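One structure is given here, and the rest of the page talks about it.
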Amino acid sequence: MTTAPAGPDPTMEAIGHAVSEGRAGDIASARQKLLDLWSAIGVTGDPLHRCSLAHYLADLYEDAAQALAWDIRALDAADAVTEQRVQEHHAGLHIAGFYPSLHLNLADNYRRLGSFEAATEHINAAKAHAPDLPRDPYGDLLRRAIQEVAEAIAGGDRTRRASPP
């Protein structure tokens, strides 16, 4: 089985470029590009596009409430993505692998907002989906972040993490 993308996807490429720009430090420009893409995609657009964009856009907000709104959109969109659609984008991806990170981000935002019951629900969901993570450095990174956020929730810690989960 190949792991190469099935074909070019201009929207996913645009999302990737904006994400790279944000990671390079130009957060305001990256955020605006993603917001413009969101307007073009629309709330009923391709769920893979909506999930990816919202997931990355959430990371561009320091305010936990703003990030939470985008993380909720990402999870809602993930629930509408089919395995076939994910495979069309990239043969090595599986929608199940998205859920640990999506729930982790929600747990972290709820934790930062002091909503520890909701945070616990989402960290438990992240743990339940963790077996779907790959056995590679990315999977290891997420498993560590799940543990760290779980510990912060248990300790009632609302402080922002050094990096998003």
Side-chain angles (χ1 to χ4, degrees), residues 11-12 15-16 18-19 22-23 27 30-31 34-35 37-39 41-90 92-165:
T11 301
M12 291 300 278
I15 292 168
V19 169
R23 288 180 178 162
I27 292 170
R31 186 184 304 139
L34 289 174
L35 289 170
L37 276 171
W38 182 264
S39 293
I41 293 167
V43 296
T44 59
D46 182 331
L48 180 63
H49 293 160
R50 290 185 292 120
C51 178
S52 300
L53 187 150
H55 179 65
Y56 290 119
L57 186 54
D59 289 343
L60 297 176
Y61 286 96
E62 288 195 28
D63 181 312
Q66 289 178 302
L68 176 64
W70 287 104
D71 282 328
I72 290 170
R73 289 179 182 111
L75 181 62
D76 286 345
D79 288 341
V81 176
T82 64
E83 187 68 18
Q84 177 182 344
R85 176 61 183 104
V86 173
Q87 293 289 308
E88 287 171 0
H89 173 66
H90 197 288
L93 290 179
H94 299 281
I95 191 61
F98 289 34
Y99 285 96
S101 179
L102 294 171
H103 283 290
L104 170 63
N105 288 355
L106 284 163
D108 194 50
N109 286 319
Y110 281 121
R111 174 193 67 80
R112 289 177 53 213
L113 292 168
S115 182
F116 293 105
E117 185 176 330
T120 299
E121 289 176 23
H122 282 284
I123 204 65
N124 287 341
K127 289 176 183 177
H129 288 286
D132 295 320
L133 289 169
R135 295 285 171 197
D136 63 10
Y138 172 75
D140 294 342
L141 176 77
L142 281 179
R143 280 185 282 280
R144 270 193 311 279
I146 289 169
Q147 183 59 39
E148 290 170 1
V149 170
E151 290 169 3
I153 292 167
D157 182 356
R158 294 179 58 177
T159 59
R160 181 172 167 79
R161 293 169 41 87
S163 64

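All values derive from a computational prediction rather than experimental measurement. These numbers come from the heavy atoms of this one structure, side chains and all, not from hydrogens, waters or symmetry mates.
The aromatic rings of Trp70 and Tyr61 lie parallel to each other, their planes meeting at an angle below 30°, with 60° marking the opposite boundary.
At least one cation-pi condition fails for Arg111 and Phe116: the charged atom is not both under 6.0 angstrom from the six-membered ring centre and inside a 45 degree cone around its axis.
Atoms CG and CD1, on Asp132 and Ile95 in that order, are 10.5 Å from each other to the nearest 0.5 Å. Between the CD atom of Gln147 and the CG atom of Leu104 there is a distance of 11.5 Å, given to the nearest 0.5 Å. Here Tyr56 contributes atom OH and Asp59 contributes atom CG; the two are 8.5 Å apart, rounded to the nearest 0.5 Å. Rounding to the nearest 0.5 Å places CG of Asp79 at 9.0 Å from SG of Cys51. Here the CG atom belonging to Leu48 is positioned 9.5 Å from the CD1 atom belonging to Ile41, to the nearest 0.5 angstrom. Atom NE2 of His49 and atom CG of Leu37 lie 9.5 Å apart (nearest 0.5 Å).
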Give the C-alpha distance, both sets of side-chain angles, the deciding distance and a yes or no for salt bridge (Lys or Arg N to Asp or Glu O under 4.0 Å) between Asp76 and Arg73. CA-CA 5 Å; Asp76 286 345; Arg73 289 179 182 111; over 6 Å; no

Could you walk me through whether Ile27 and Glu62 pass the side chain to side chain contact (heavy atoms under 4.5 Å, CB included) check? CA-CA 11 Å; Ile27 292 170; Glu62 288 195 28; 5.9 Å; no

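Between Arg112 and Arg158, the shortest heavy-atom contact is O-NE, 3.3 Å. Scanning all heavy atoms of the two residues, the minimum distance from Gly22 to Leu60 falls at CA-CD2, 4.3 Å. Residues Ser101 and His55 share a closest heavy-atom pair of OG-CE1, 3.2 Å. Here the closest non-hydrogen pair linking Ile15 and Ser52 is CD1-CB, 4.4 Å. What you find for Gly45 and Arg50 is that their closest heavy atoms are O-NE, 2.9 Å. Heavy-atom minimum distance, Leu102 versus Ala74: CD2-CB, 3.7 Å.
Between Ile153 and Tyr110, every side-chain heavy-atom pair lies at or beyond the 4.5 Å cut-off. Between Arg31 and Leu34 there is no side-chain heavy-atom pair separated by less than 4.5 Å. Looking at heavy atoms from C-beta onward, Arg143 lies in side-chain contact with Arg135 at the 4.5 angstrom threshold.
Ion pairing between a basic and an acidic side chain is recognised when a charged N comes within 4.0 Å of a carboxylate O; Arg85 and Asp46 show such pairing.
Residues passing the side chain to side chain donor-acceptor pair (under 3.5 Å) test with Thr159, sequence neighbours excluded: Asp157. By the ring pair (Phe, Tyr, Trp, His ring centres under 6.0 Å) test, His129 is found to be paired with Tyr99, His103, residues two or more places apart in sequence or in another chain being considered. Residues that satisfy the ring pair (Phe, Tyr, Trp, His ring centres under 6.0 Å) test with Phe98, not counting sequence neighbours, are absent from this structure.
A donor-acceptor distance shorter than 3.5 angstrom exists from the side chain of Asn109 to the backbone of Asn105, with no hydrogens or angles considered.
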